[in-house]
Amino acid sequence: MHRTDFLVIGSGVAGMWFALEACRHGKVTMITKTRPLESNSAYAQGGIASVWSEDDDPEFHIRDTLVAGAGLCRAEAVDQTVREGPIRVRELIERGAEFTRRQSNPDEYDLHREGGHSHRRILHAADFTGKEMVRALNQEVMEHPQIEFLDHHIAIDVLTRRWLARRLQQVPPEDDEAIGAYVLDTSRDEVELYAAKVVVLATGGAGKVYVYTTNPPIASGDGHAMAWRAGARMANMEFVQFHPTCLFHATENSFLISEALRGEGGKLIGPDGQRFMDRYDERAELAPRDIVARAIDNELKTRGLECVYLDMRHMSREEVARHFPTIDTKLLSLGIDMTRDPIPVVPAAHYMCGGVQTDLNGESSIRNLFAVGEVACTGLHGANRLASNSLLEALVFAHTAARESAERLAAIPPVPDLPAWDPGKAGDSDEAVVITQTWDEIRRFMWNYVGIVRTHRRLKRAQRRLQLVRDEVDKYYWDFRVTGDLIELRNLVDVAHMIVECALRRRESRGLHYTLDFPEPDERNVSDTVIRRWS
Ligand code: FAD
Ligand code: SIN
């Protein structure tokens with residue numbers, strides 16, 4: 001059994017920020033499921049929102065966030081994020097992250113604008129902001145003597161005192177507390193046990209539960225599922241953000257075309273070359289994402305189109321190469337020159353607004369189990385996330401969570417010896433096809449039945465399918481030796497279940513949840529959807 005003070009699961013910006021703060025107070029073990037830099041964070045393009053220019057003000061950023069959140073934001077979380085945000089961004093710059101500066105005045109940062117923002121406030125490193133942030137943080141993490149970094153380690157389940165009591169056939173305590181995790185070391189195919197005083201879920205998003213997503217394959221909602229199985233309160237899982245503009249291409253179907261392109265004047269057009277967003281919202285292409293994604297979905301369905309187009313032909317080659325080098329290079333490699341060709345785009349699952357419900361310190365309903373970054377539901381995003389607010393939230397809440405958990409570290413009693421992983425009768429599976437088939441099935445029915453536009457009937461259909469799949473996957477899980485794919489599949493099933501469950505409970509349309517059965521918001525009944533496995 002390995003022992004540590006802080007077990008951080010995930011090496012995106014949230015996990016790394018937490019680790020760098022917490023390591024001043026105790027030993028940090030950070031695990032990540034594949035390569036060290038593979039995360040949603042590494043693919044972030046547009047940037048990080050922060051009140052920076054003189055004509056901007058925290059009150060404007062707060063208002064924009066609240067408007068996008070459609071009545072469900074938690075005011076304190078918004079306030080905390082917006083006001084602490086610039087401090088964290090300055091620290092990030094001190095840690096070595098370099099953001100793009102204005103060409104006309106290199107002493108100032110170039111601020112982009114994105115949908116739903118009333119002011120230019122998006123700091124960015126060209127269009128590879130996430131890569132730059134991850135580079136700066138990872139360098140420090142790798143060099144720090146108090147941080148043990150383990151790649152190719154997949155957390156399977158979070159362990160708690162109630163779990164331990166059940167396992168030892170004792171009476172479970174009233175209040176639960178995290179004490180560690182089982183972890184599969186995929187390089188050795190061994191399940192290891194980590195005892196920790198503080199467990200931090202920094203596992204990112206769950207885009208992989210949909211067949212079309214901007215997320216890389218690591219985003220299988222593992223932290224959401226682990227917290228759920230441990231009995232933590234989960235909130236607002238129905239609010240899945242679909243990004244309006246993912247590249248439509250036969251082989252490159254997860255490549256994001258940043259919202260910043262619309263901020264720089266990009267127009268959405270149909271195959272006839274006509275704009276359509278002004279028919280849906282007066283803010284046209286700069287309306288919040290849910291509105292733009294739904295408008296595109298409607299154009300695709302009513303006109304029988306495969307994709308719509310983003311027109312950037314107003315920009316020169318030099319401007320495009322300076323502002324959007326990653327996107328430009330990718331498109332050129334596919335034979336698309338955006339200064340001459342409209343870019344084919346479709347919406348795709350992008351961000352989970354819901355997640356592990358936390359307090360303002362990032363702590364879940366299970367003591368000493370913290371959730372930071374995309375896996376958390378802090379209340380900042382409400383029913384819809386404002387563009388570029390998630391990197392900011394990740395830094396702000398990882399910081400607070402590290403401070404809070406460090407303060408209490410000395411008072412947390414040592415974790416008792418824990419039972420080793422019990423493989424039972426699990427043998428090697430000779431039917432890997434079961435995993436790929438089930439995987440494919442879930443992702444497709446989630447897209448078709450639990451996508452951008454929902455109905456009660458479609459949700460019920462998904463619920464019935466899920467029940468069957470759950471039983472099968474459960475049986476498979478206990479019968480065969482665990483593998484990375486099996487762990488992810490089991491998690492996807494739990495995440496899909498939570499999304500469907502929450503969507504069925506929300507009998508109105510609000511923010512990202514749009515159902516034809518209740519197309520209007522119900523203002524008499526404005527509340528979070530909270531679910532818990534043990535309730
Ligand atoms: P991640 O960065 O996703 O990190 C999760 C980590 O957890 C990974 O290291 C993963 O390997 C690890 N992990 C997962 N499960 C396990 C497990 N079981 N065991 C061990 N490790 C595990 N937001 C913005 O604010 N601005 C943007 O411009 C922006 N652009 C985006 C562009 C794209 C293409 C995408 C996909 C997202 C974008 N977002 C953007 C959203 C933002 O990038 C993410 O919300 C944010 O980076 C999440 O950070 P995180 O640290 O919480 O999770
Ligand atoms: C983008 O660059 O469009 C993504 C921004 C975000 O998801 O916040």
Side-chain angles (χ1 to χ4, degrees), residues 7-18 30-50 112 114-117 122-125 127-131 133-134 137-138 150-158 181-184 186 200-208 213-226 241 243-247 254-263 289 292 324 326-327 348-353 355 371-376 381 385-395 397-398 484 487-488 491:
L7 177 65
V8 181
I9 305 174
S11 64
V13 294
M16 288 199 283
W17 195 275
F18 181 98
M30 169 172 265
I31 64 165
T32 193
K33 73 169 153 184
T34 60
R35 291 177 290 116
L37 299 186
E38 189 61 357
S39 60
N40 272 4
S41 299
Y43 294 88
Q45 292 182 351
I48 180 163
S50 179
H112 273 166
E114 290 178 341
H117 287 276
I122 318 294
L123 286 113
H124 60 100
D127 60 354
F128 48 85
T129 309
K131 194 170 163 196
M133 286 173 68
V134 162
L137 297 178
N138 190 254
L150 302 168
D151 55 33
H152 295 91
H153 280 61
I154 307 182
I156 303 173
D157 266 316
V158 169
Y182 284 128
V183 175
L184 174 69
T186 51
V200 184
L201 294 172
T203 46
K208 208 174 176 176
T213 176
T214 62
N215 292 187
I218 51 100
S220 50
D222 297 4
H224 295 81
M226 287 189 280
Q241 185 169 70
H243 197 292
T245 56
C246 181
L247 180 66
S254 275
F255 188 76
L256 182 73
I257 305 297
S258 174
E259 186 150 334
L261 273 74
R262 277 177 283 133
R289 284 192 183 160
V292 183
F324 307 116
T326 313
I327 299 172
H350 182 61
Y351 184 85
M352 278 302 304
C353 288
V372 291
E374 191 168 340
V375 66
H381 309 305
R385 176 180 69 102
L386 188 64
S388 290
N389 262 359
S390 46
L391 291 172
L392 191 69
E393 181 193 41
L395 300 190
F397 277 87
I487 292 168
E488 285 192 348
N491 292 336

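Every number for a ligand or one of its atoms is a count from 1 in the order of the listing.
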Sequence-distant partners of F18, ring pair (Phe, Tyr, Trp, His ring centres under 6.0 Å), two or more places apart: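 Partners of F18 by the ring pair (Phe, Tyr, Trp, His ring centres under 6.0 Å) criterion, ordered by chain and then number, come out as F6.
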With H224 via ring pair (Phe, Tyr, Trp, His ring centres under 6.0 Å) - residues at least two apart: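 Once residues adjacent in sequence are excluded, H224 has no partner under the ring pair (Phe, Tyr, Trp, His ring centres under 6.0 Å) criterion.
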Quick check: does H243 get an N/O under 3.5 Å from an N/O on ligand 2?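 Among all N and O atoms of H243, at least one is under 3.5 Å from an N or O of ligand 2.
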Any nitrogen or oxygen of A387 lying under 3.5 Å from a nitrogen or oxygen in ligand 2? Just yes or no.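 No, there is no polar N/O contact under 3.5 Å.
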Tell me, please: is D127 in heavy-atom contact with ligand 2, that is, under 4.0 Å?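 Flag not set, D127 not near ligand 2.
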Aromatic contact, H243 with Y351 (centres under 6.0 Å):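 No: the rings miss the under 6.0 Å criterion.
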Ignoring hydrogens and geometry, is there a side-chain-to-backbone donor-acceptor pair from [X] to [Y] under 3.5 Å?
{"X": "E259", "Y": "G115", "result": "yes"}
{"X": "T186", "Y": "H153", "result": "no"}
{"X": "E488", "Y": "D222", "result": "no"}
{"X": "N138", "Y": "V134", "result": "no"}

List, pair by pair, the atoms of ligand 1 and of the protein that are both N or O and lie under 3.5 Å apart, giving the separation rounded to 0.1 Å.
| unit_1 | atom_1 | unit_2 | atom_2 | d |
| --- | --- | --- | --- | --- |
| ligand 1 | 2 (O) | N40 | N | 3.4 |
| ligand 1 | 2 (O) | S41 | N | 2.8 |
| ligand 1 | 2 (O) | S41 | OG | 2.4 |
| ligand 1 | 3 (O) | N40 | N | 2.9 |
| ligand 1 | 7 (O) | A202 | O | 3.3 |
| ligand 1 | 9 (O) | S11 | N | 3.0 |
| ligand 1 | 9 (O) | S11 | OG | 3.2 |
| ligand 1 | 9 (O) | T32 | OG1 | 3.0 |
| ligand 1 | 9 (O) | E38 | O | 3.3 |
| ligand 1 | 11 (O) | T32 | OG1 | 3.3 |
| ligand 1 | 15 (N) | D222 | OD2 | 3.3 |
| ligand 1 | 18 (N) | A155 | O | 3.2 |
| ligand 1 | 18 (N) | D222 | OD2 | 2.8 |
| ligand 1 | 19 (N) | A155 | N | 2.9 |
| ligand 1 | 21 (N) | K33 | N | 3.2 |
| ligand 1 | 23 (N) | S390 | OG | 2.7 |
| ligand 1 | 25 (O) | S388 | O | 3.4 |
| ligand 1 | 25 (O) | S390 | N | 3.2 |
| ligand 1 | 25 (O) | S390 | OG | 3.0 |
| ligand 1 | 25 (O) | L391 | N | 2.9 |
| ligand 1 | 26 (N) | G47 | O | 2.7 |
| ligand 1 | 28 (O) | G46 | N | 2.9 |
| ligand 1 | 28 (O) | G47 | N | 2.9 |
| ligand 1 | 28 (O) | G47 | O | 3.4 |
| ligand 1 | 30 (N) | Q45 | N | 3.3 |
| ligand 1 | 45 (O) | E374 | OE1 | 2.7 |
| ligand 1 | 47 (O) | S41 | N | 3.3 |
| ligand 1 | 47 (O) | S41 | OG | 2.8 |
| ligand 1 | 49 (O) | S41 | OG | 3.1 |
| ligand 1 | 51 (O) | V13 | N | 3.3 |
| ligand 1 | 51 (O) | A14 | N | 3.0 |
| ligand 1 | 52 (O) | E374 | N | 2.9 |

Among protein heavy atoms, which lies nearest [atom], and at what distance?
{"atom": "atom 6 (C) of ligand 2", "answer": "R289 NH2, 3.0 Å"}
{"atom": "atom 8 (O) of ligand 2", "answer": "S388 N, 2.6 Å"}
{"atom": "atom 3 (O) of ligand 2", "answer": "E259 N, 2.6 Å"}
{"atom": "atom 2 (O) of ligand 2", "answer": "S258 OG, 2.7 Å"}

Check: T214/H350 side-chain N/O donor and acceptor closer than 3.5 Å: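 Judged by distance alone, the side chains do pair up.
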Could you measure the distance from the CD1 atom of I122 to the NE2 atom of H117? Nearest 0.5 Å is fine.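 I122 CD1 to H117 NE2: 3.5 Å, rounded to 0.5 Å.
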Test side-chain contact (heavy atoms from CB on, under 4.5 Å) applied to A260 - qualifying residues, sequence neighbours left out: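 Only H112, E114, S258, F324 meet the side-chain contact (heavy atoms from CB on, under 4.5 Å) criterion with A260.
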Under-4.0 Å heavy-atom contact with ligand 2, by part of L256 that carries it: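 For L256, only side-chain atoms sit under 4.0 Å from ligand 2.
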